[in-house]
A.B. asks: 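Have a look at this one.
Since the model is a prediction, treat every value here as computed from it, not as a measurement.
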Amino acid sequence: AQSVTQLDSQVPVFEEAPVLLRCNYSSSSVSVYLFWYVQYPNQGLQLLLKYLSGPTLVKGINGFEAEFKKSETSFHLRKPSAHISDTAEYFCAVSDTVPETAEELNTNLLRC
């Protein structure tokens with residue numbers, strides 16, 4: 001079984017200031033796959049970035065990045081210079097298998 005905990009329910013966004021959204025996960029699986037989604041007002045979920053394997057620093061769209069830290073069981077999302085247009089809801093998700101389709105990933109996200 002796996003789960004995620006987002007430690008920040010609301011984070012203020014200031015123009016050109018750094019922003020950090022914290023995500024910790026737990027998993028009983030050896031393999032862990034991590035995802036960040038964004039949902040802008042009146043839009044559907046969009047995949048922002050994902051960690052499947054390899055380098056632990058992951059670059060996403062719109063200047064976002066996240067670093068997988070296995071020892072800390074964390075996958076915090078950050079952006080060095082945020083904009084008011086980044087105002088949205090952000091969701092962290094964890095899986096012990098690599099989803100083959102976006103629909104499968106959305107289902108996993110809703111369960112987390």
A.B. asks: Can you pull the disulfide bond (SG atoms under 2.5 Å apart) pairs that have at least one residue in residues 3-71, sequence neighbours excluded?
C.D. replies: Cys23-Cys92

A.B. asks: Do the non-hydrogen side-chain atoms of Phe68 and Val58 ever get within less than 4.5 Å of each other?
C.D. replies: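 With C-beta onward as the side chain, the pair stays apart.
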
A.B. asks: Side chains of Ile61 and Leu48: closer than 4.5 Å at any heavy-atom pair?
C.D. replies: yes

A.B. asks: Report the residues that fulfil side chain to side chain contact (heavy atoms under 4.5 Å, CB included) with Glu67, sequence neighbours left out, ordered by chain and then residue number.
C.D. replies: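 Counting only residues at least two positions away or on another chain, Glu67 forms a side chain to side chain contact (heavy atoms under 4.5 Å, CB included) with Thr56, Leu57, Lys69, Arg78.
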
A.B. asks: Enumerate, atom names and distances included, each donor-acceptor pair closer than 3.5 Å involving a side-chain atom of residues 12-22, sequence neighbours excluded.
C.D. replies:
from  : atom 1 : to    : atom 2 : distance (Å)
Glu15 : OE1    : Ile84 : N      : 3.0
Glu15 : OE2    : His83 : ND1    : 2.8
Arg22 : NE     : Asp8  : OD1    : 3.2
Arg22 : NE     : Asp8  : OD2    : 3.2
Arg22 : NH2    : Asp8  : OD1    : 2.9

A.B. asks: Apply side chain to side chain donor-acceptor pair (under 3.5 Å) to Asp86 and list each qualifying residue two or more places apart in sequence or on a separate chain.
C.D. replies: Lys79

A.B. asks: Measuring only between side-chain heavy atoms, which start at C-beta, is Trp36 closer than 4.5 Å to Phe64?
C.D. replies: no

A.B. asks: I'd like to check the side chain to side chain donor-acceptor pair (under 3.5 Å) partners of Gln46; sequence neighbours left out, ordered by chain and number.
C.D. replies: Gln43

A.B. asks: For the residue pair Leu77 and Ala66, what are the closest heavy atoms and their distance?
C.D. replies: CA-CB, 4.2 Å

A.B. asks: Return the OH to OH distance between Tyr33 and Tyr51, rounded to the nearest 0.5 Å.
C.D. replies: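 Atom-to-atom, Tyr33:OH and Tyr51:OH are 9.0 Å apart.
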
A.B. asks: Mind checking the CD-OG spacing from Gln2 to Ser26? Nearest 0.5 Å is all I need.
C.D. replies: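 Answer rounded to 0.5 Å: 8.0 Å.
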
A.B. asks: Tell me the closest heavy-atom pair linking Ser29 and Ser31, and the distance in Å.
C.D. replies: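 Result for this residue pair: OG-O, 3.0 Å.
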
A.B. asks: Rounded to the nearest 0.5 Å, what separation is found between the CG atom of Leu52 and the CZ atom of Phe35?
C.D. replies: 5.5 Å

A.B. asks: Tell me whether Ser74 contacts the main-chain N or O of His76 through its side chain, where contact means a donor paired with an acceptor under 3.5 Å.
C.D. replies: no

A.B. asks: Pick out which of Val4, Val38, Leu45 makes a side-chain contact (heavy atoms from CB on, under 4.5 Å) with Phe91.
C.D. replies: Leu45

A.B. asks: Only pairs at least two apart or in different chains count here, so list each salt bridge (Lys or Arg N to Asp or Glu O under 4.0 Å) that has a residue in residues 38-52.
C.D. replies: none

